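Everything on this sheet refers to the single structure shown next.
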Amino acid sequence: MDHYDSQQTNDYMQPEEDWDRDLLLDPAWEKQQRKTFTAWCNSHLRKAGTQIENIEEDFRDGLKLMLLLEVISGERLAKPERGKMRVHKISNVNKALDFIASKGVKLVSIGAEEIVDGNVKMTLGMIWTIILRFAIQDISVEETSAKEGLLLWCQRKTAPYKNVNIQNFHISWKDGLGFCALIHRHRPELIDYGKLRKDDPLTNLNTAFDVAEKYLDIPKMLDAEDIVGTARPDEKAIMTYVSSFYHAFSGAQKAETAANRICKVLAVNQENEQLMEDYEKLASDLLEWIRRTIPWLENRAPENTMHAMQQKLEDFRDYRRLHKPPKVQEKCQLEINFNTLQTKLRLSNRPAFMPSEGRMVSDINNAWGCLEQAEKGYEEWLLNEIRRLERLDHLAEKFRQKASIHEAWTDGKEAMLRQKDYETATLSEIKALLKKHEAFESDLAAHQDRVEQIAAIAQELNELDYYDSPSVNARCQKICDQWDNLGALTQKRREALERTEKLLETIDQLYLEYAKRAAPFNNWMEGAMEDLQDTFIVHTIEEIQGLTTAHEQFKATLPDADKERLAILGIHNEVSKIVQTYHVNMAGTNPYTTITPQEINGKWDHVRQLVPRRDQALTEEHARQQHNERLRKQFAAQANVIGPWIQTKMEEIGRISIEMHGTLEDQLSHLRQYEKSIVNYKPKIDQLEGDHQLIQEALIFDNKHTNYTMEHIRVGWEQLLTTIARTINEVENQILTRDAKGISQEQMNEFRASFNHFDRDHSGTLGPEEFKACLISLGYDIGNDPQKKTGMMDTDDFRACLISMGYNMGEAEFARIMSIVDPNRLGVVTFQAFIDFMSRETADTDTADQVMASFKILAGDKNYITVDELRRELPPDQAEYCIARMAPYSGPDAVPGALDYMSFSTALYGESDL
C-alpha cells in the first residue's frame, strides 16, 4: 500500500507543479482547459441529467462535484449538505476531496476553501487530477504509465498512416490528421481520409470534432482555432480529449471481442456438424459399394476358354488396381475424420459423436473384412480355373505350333521332288543335286518324330474332350497323308539322279582335260598379245637393243605353240562325237572353262598379225635413241665447263668478302670489276639454255655424261648474281656504318676478323652459339649483371669470365642481344647485323634513360609533366606529338592533366607499348 501511495504521489505531484509553471508561461492554455474540462465534466454529468456552465462557479457549493465523482466512479459518496452557507459548501467540497484521496490520489496545494472561493487555477487542477485518476490512470499498454500507455496506443493506431507522426500530446495533433486517423482506423466509413490535406488543419480538426460528437458521443472539448492559433496546444486538454477516444473505442473493442468469441464457437460447431455429415455420407457410400461388390466376387460361373478366364482375371486386377485403392483411401479417410471429429468435440467440450446405426467404424470394418474374404476366395477360384484351362490351351497351342512348323517345312516339297531339272544339268550340278537330295532325305527322317508327336497330341486332346477336337483331327489326318506321299516321291527322284550322273561323268573327264590345256595356252596368247602391243619407253640404246633380242626369242617359240593349239581343238571334237552318239541333252558349255575353240583360233590369228608390227616399232625406236645420245653429249660438253666456272667465281667472291685486303673502298672497286666480268658471261648461259630446250623437246630426262642439270646451272647463276650484289651492298653498308658511327678501319677489320673466325662454314652468318663466342672474343660481357657492361675486357678478366661461365654466357642478356641482331628469329646473325650491333654498343647514342632525364628537367624534377610545360619548352608540332601520345599519369602525386613521360620515353625505344 505504501508503494502504491508513493507511486501515485509521484504521478500526480508532477502535473501540479507543471500546472503552476505552465499557467504562468502561457495563460492561453487556461481557455483551452476551461472548454475541454467543462465538456469532459458535462459528458459525465448529463448521465445524471445536469451539466455545468462555468467550471469555477458551478463547483463552488460541492454538490455537482460530488455528483460528478459518483457518476464517474459508480460509488455513493457521503450525503451532501444542502445549506447555502460557506461552511456547508466547504463541507461538501471536503467530502469530494476526501473521496479523491481515498482512491490513492494525494492532493497537493488544493484545498476546499480555494474551490469554494472560485479559484480558477485550483479548480482546473482538481478537475485534471480527477481526469488523471478516473479517465487516464487505468490506461495501460505493455506495463507503461498511464500517459505513456495512452501515447503508445495512439502511435499504434495511427502507425499505418504515413502522414501522421504522434510523438506527444501537443504539437503532434495540430494538423488534425491524428484525430481523423484514430476515427478512420476504428470507423473508416465515417471519414474519407484520402481527401484530407495536411495543409488544411482547421478542416481536419473540425471534421474530427464534428464526427466524434455526432457518431461517437464524444463532446467537443477543443476549438480548432485555439489549437491552430497556439504554438504549443495545452497537453492536458489534448490528453483529456484523446482519452475520450480511447474509452469510446475500447468499448467497441470489447463488443468486437465478444462477437468474435461467439463466431468462433459457432464456427467450431458448424465445422463439427459438417464433419458429422461428411462421415455419414462417406460411410453410407462405402457400405453401399461393399454391398454391390461382394456378389460380383462370389460369382463362380466357369468359362470354356482361357481368354474368357483371363479377362475375368484382368477385370479382377482392374478392381484391385483401379477400383479398390480409392475405396481403401476413403475408408482410411473415414477413420481419420472420425478420430479428428471426436478429438475436436472433446477439445471444445462437446459430447462425443455417435454415428447412425450400422455406420459405426466397427460396422465398416466388419463389412470390409467380408469384402476381403470374398476377394481371397474369388482370386483362388480364378487361379485354379486358369491352371485347369492352361493345360488344354497349352496342348492345343503345342499342336498348332508343331503342325504349323511341319506344314511350313512341307510347303513346296512335293513340287521340288517332281522337278526334272537333272535332264539339263551339268555333272557338277547333278552331284550337287544328289548331295542336296541326300540332305533332304536326312531332313525327312528327322521330321518323322514331329509327325508322331503331332498325332500323339491330337490323341490326348481327344481324350480330354477338347472343344475344338474336330478341326484338330482333320488337320492331323492331312499331315499324315502328305507324309506318305513325300516318301514315295523322294525314292523316285533318287533313282533318276543316279542314272544321269553316270552318263555325264565321261563327258566331264574330257571337259576337264580340255580346260587344263586350254587355260595355260590361252594365258600364253593373252600375254603374247599384251607384250606385242605394250608401249615401251626407253631412254638409251642399250635398252632398245635388249627389247629387240627378247622379241627374236619370242618368234622362235611360235611353231611349238601351233602344235599345242591343234591338240586342244582335237579334245573338243571328241566331246562333240560323244554327245551326238548318246543323244545327251547338254544344258550348257564346259563347266571348267569359258574358253571356246573359236576364241583360241581368233587369238592365234591376232598374235600372228602383231609380230611384224612389233618388228617395225623396235626399228624406229632404235633410230630415235641414237639421235638423243648426240643431244646429251652436246649439252654435257658445255655444262661441264660452265658449272665449275660458276663455283670458282662464288669462292672468289667469298674470299674477297672475308679477306681484308685494302680499305673498304678498294674491296668495293674490286667487287664491281668482278660483277662486270660475270655479266659478260651471260651469252654462254643462253646458249646452254638453247641446248637444254632441245633435250626437253626430245623428252630426255637423264644424262650420264654430266652431273650438271640446267636447274643446277640456273640456281648457281642466280646465286652468283645475288651473292655479288649482296656482297657489294654489304661493303657499301659497312662504309655507311663506319662513316656514321665514326668506326675506324682497324675496328672494322677486327669485327670482320672475329666474324670470319667463327663463321666456320663460310656461310656469311653466325648461329647463336657462334655469335655468343664471337662477342666474348671481342671482350663483350654478356652476364646477367647490367652494371658490368664495360665494353672491353683485359686478358685476366676475359680468362676469369671464360672460367667462371664455362664458356656459357648469361641467358637473359644474350636473349636480349639476339632479339636485336635477329629480330625475325631466324636463328642466324648476318655480318651487317653484327656490325650494326657492335657499332651501337661502341658508339655514344641516345637511350631511354637519357630522354627520361631530359623530360624530368623540363618538368621541374617532377615525376610527371603538364601540357603547358610541353608547349612552353618544345616546338609546337613536337609538343602536340607528345601530348597526343603520352598516357595520363596515375601516381600518388598526380594532378589534373598530368602526363606520364616515363612510359612515353621507354616506348620510344621499344621497351614498352606506345
Side-chain angles (χ1 to χ4, degrees), residues 12 15-16 18-73 76-101 103 105 107-136 209 213 218-223 225-227 230 233-241 243-244:
Y12 294 114
E16 291 297 332
D18 291 343
W19 187 278
D20 297 336
R21 183 175 63 254
D22 291 344
L23 286 180
L24 292 174
L25 291 174
D26 192 352
W29 285 356
E30 180 181 328
K31 180 181 178 182
Q32 296 179 17
Q33 290 178 4
R34 278 174 179 272
K35 182 176 180 61
T36 301
F37 292 175
T38 300
W40 183 84
C41 292
N42 286 334
S43 69
H44 293 287
L45 287 173
R46 68 169 175 245
K47 298 175 184 177
T50 185
Q51 64 179 11
I52 62 173
E53 296 296 336
N54 191 314
I55 195 167
E56 71 270 17
E57 292 294 333
D58 293 346
F59 283 143
R60 290 179 63 183
D61 60 3
L63 294 177
K64 288 187 178 182
L65 179 59
M66 293 178 68
L67 181 60
L68 175 64
L69 292 173
E70 287 182 351
V71 172
I72 62 177
S73 68
R76 294 290 296 176
L77 274 68
K79 186 177 180 181
E81 300 288 342
R82 295 296 179 179
K84 302 295 184 178
M85 299 178 65
R86 177 180 176 82
V87 66
H88 297 138
K89 295 178 182 181
I90 292 175
S91 175
N92 290 336
V93 173
N94 276 327
K95 290 177 181 179
L97 295 178
D98 291 341
F99 178 78
I100 294 173
K103 295 302 179 181
V105 179
L107 299 172
V108 180
S109 301
I110 299 177
E113 292 79 3
E114 286 84 354
I115 303 300
V116 173
D117 292 338
N119 188 314
V120 176
K121 183 176 70 171
M122 293 302 171
T123 302
L124 292 175
M126 177 189 66
I127 297 302
W128 173 241
T129 301
I130 294 172
I131 293 172
L132 282 176
R133 173 59 183 84
F134 294 100
I136 299 177
F209 297 161
E213 183 178 34
I218 298 174
K220 289 186 178 180
M221 301 181 186
L222 301 171
D223 283 331
E225 292 77 6
D226 293 342
I227 295 176
T230 305
D234 179 58
E235 183 177 53
K236 298 175 181 61
I238 299 294
M239 285 181 64
T240 301
Y241 188 57
S243 67
S244 299

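Side-chain atoms are counted along with the backbone in the values below, which use heavy atoms only and exclude waters and symmetry mates. Quick caveat, the model's predicted, so the values are computed rather than measured.
Of the listed residues (Leu65, Ile52, Leu45), just one forms a side chain to side chain contact (heavy atoms under 4.5 Å, CB included) with Asp58, and that residue is Ile52. The only member of Thr38, Asp234, Thr123 that meets side-chain hydrogen bond (donor to acceptor under 3.5 Å, both in side chains) when paired with Gln33 is Asp234.
Between the CG atom in Leu124 and the CZ atom in Phe37 there is a gap of 6.0 Å [rounded to 0.5 Å]. Here the CZ atom belonging to Phe59 is positioned 5.0 Å from the CG atom belonging to Leu68, to the nearest 0.5 angstrom. Taking CG of Leu77 as the reference point, atom CG of Leu69 lies at 6.0 Å (rounded to 0.5 Å). Note that CD1 of Ile72 is 6.5 Å distant from NE2 of His44, once rounded to the nearest 0.5 Å. To the nearest 0.5 Å, atoms CE (Met122) and OG1 (Thr129) are separated by 10.5 Å. The distance from the CD1 atom of Ile238 to the OG1 atom of Thr36 is 7.0 Å, given to the nearest 0.5 Å.
Here the side chain of Ser43 pairs a donor or acceptor atom with the backbone of Trp40 at under 3.5 angstrom. Here the side chain of Asn92 pairs no donor or acceptor atom with the backbone of Leu63 at under 3.5 angstrom. Not one N or O on the side chain of Arg133 forms a donor-acceptor pair closer than 3.5 Å with the backbone of Ile100. Put simply, the side chain of Lys64 gets close to the backbone of Gln51: a donor and an acceptor are under 3.5 Å apart.
Across Ala48 and Val71, no two heavy atoms sit closer than the pair CB-CG2, 4.0 Å. Shown here for Ile110 and Met126, the closest heavy-atom pair between the two residues is CD1-N, 3.8 Å. In terms of heavy atoms, Leu97 sits closest to Gly111 at CD1-C, 4.1 Å. For the residue pair Met221 and Ser244, the shortest heavy atom distance occurs at CE-OG, 3.2 Å. Contact between Glu213 and Pro219 at its shortest, heavy atoms only, is CG-CA, 4.4 Å. When all heavy atoms of Met66 and Pro80 are compared, the closest pair comes out as SD-CB, 3.7 Å.
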* Verify side chain to side chain contact (heavy atoms under 4.5 Å, CB included) between Glu81 and Val87, making sure each step is shown before the conclusion. => CA-CA 9 Å; Glu81 300 288 342; Val87 66; over 6 Å; no

* Just do the side chain to side chain contact (heavy atoms under 4.5 Å, CB included) check on Trp128 and Met239 with the steps written out, would you? => CA-CA 10 Å; Trp128 173 241; Met239 285 181 64; 4.0 Å; yes

* To do: Evaluate side chain to side chain contact (heavy atoms under 4.5 Å, CB included) for Glu70 paired with Phe99, printing each intermediate quantity in order.
  => CA-CA 10 Å; Glu70 287 182 351; Phe99 178 78; over 6 Å; no

* **Pair Arg34-Asn54, side chain to side chain contact (heavy atoms under 4.5 Å, CB included): steps then yes or no** => CA-CA 8 Å; Arg34 278 174 179 272; Asn54 191 314; 4.1 Å; yes

* **Gln32/Asp226 under side chain to side chain donor-acceptor pair (under 3.5 Å): CA gap, chis, key distance, verdict** => CA-CA 7 Å; Gln32 296 179 17; Asp226 293 342; 5.7 Å; no

* From CA spacing to verdict: salt bridge (Lys or Arg N to Asp or Glu O under 4.0 Å), Arg86, Glu113 -> CA-CA 9 Å; Arg86 177 180 176 82; Glu113 292 79 3; over 6 Å; no

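With respect to the salt-bridge test (charged N to carboxylate O, under 4.0 angstrom), the residues Lys121 and Glu30 do not qualify. A salt bridge between Asp117 and Lys89 is absent, with no side-chain N of the basic residue lying under 4.0 Å from a carboxylate O of the acidic one.
Between Tyr241 and Phe209, the ring planes are perpendicular. Angles over 60° get that label, and only those under 30° would be called parallel.
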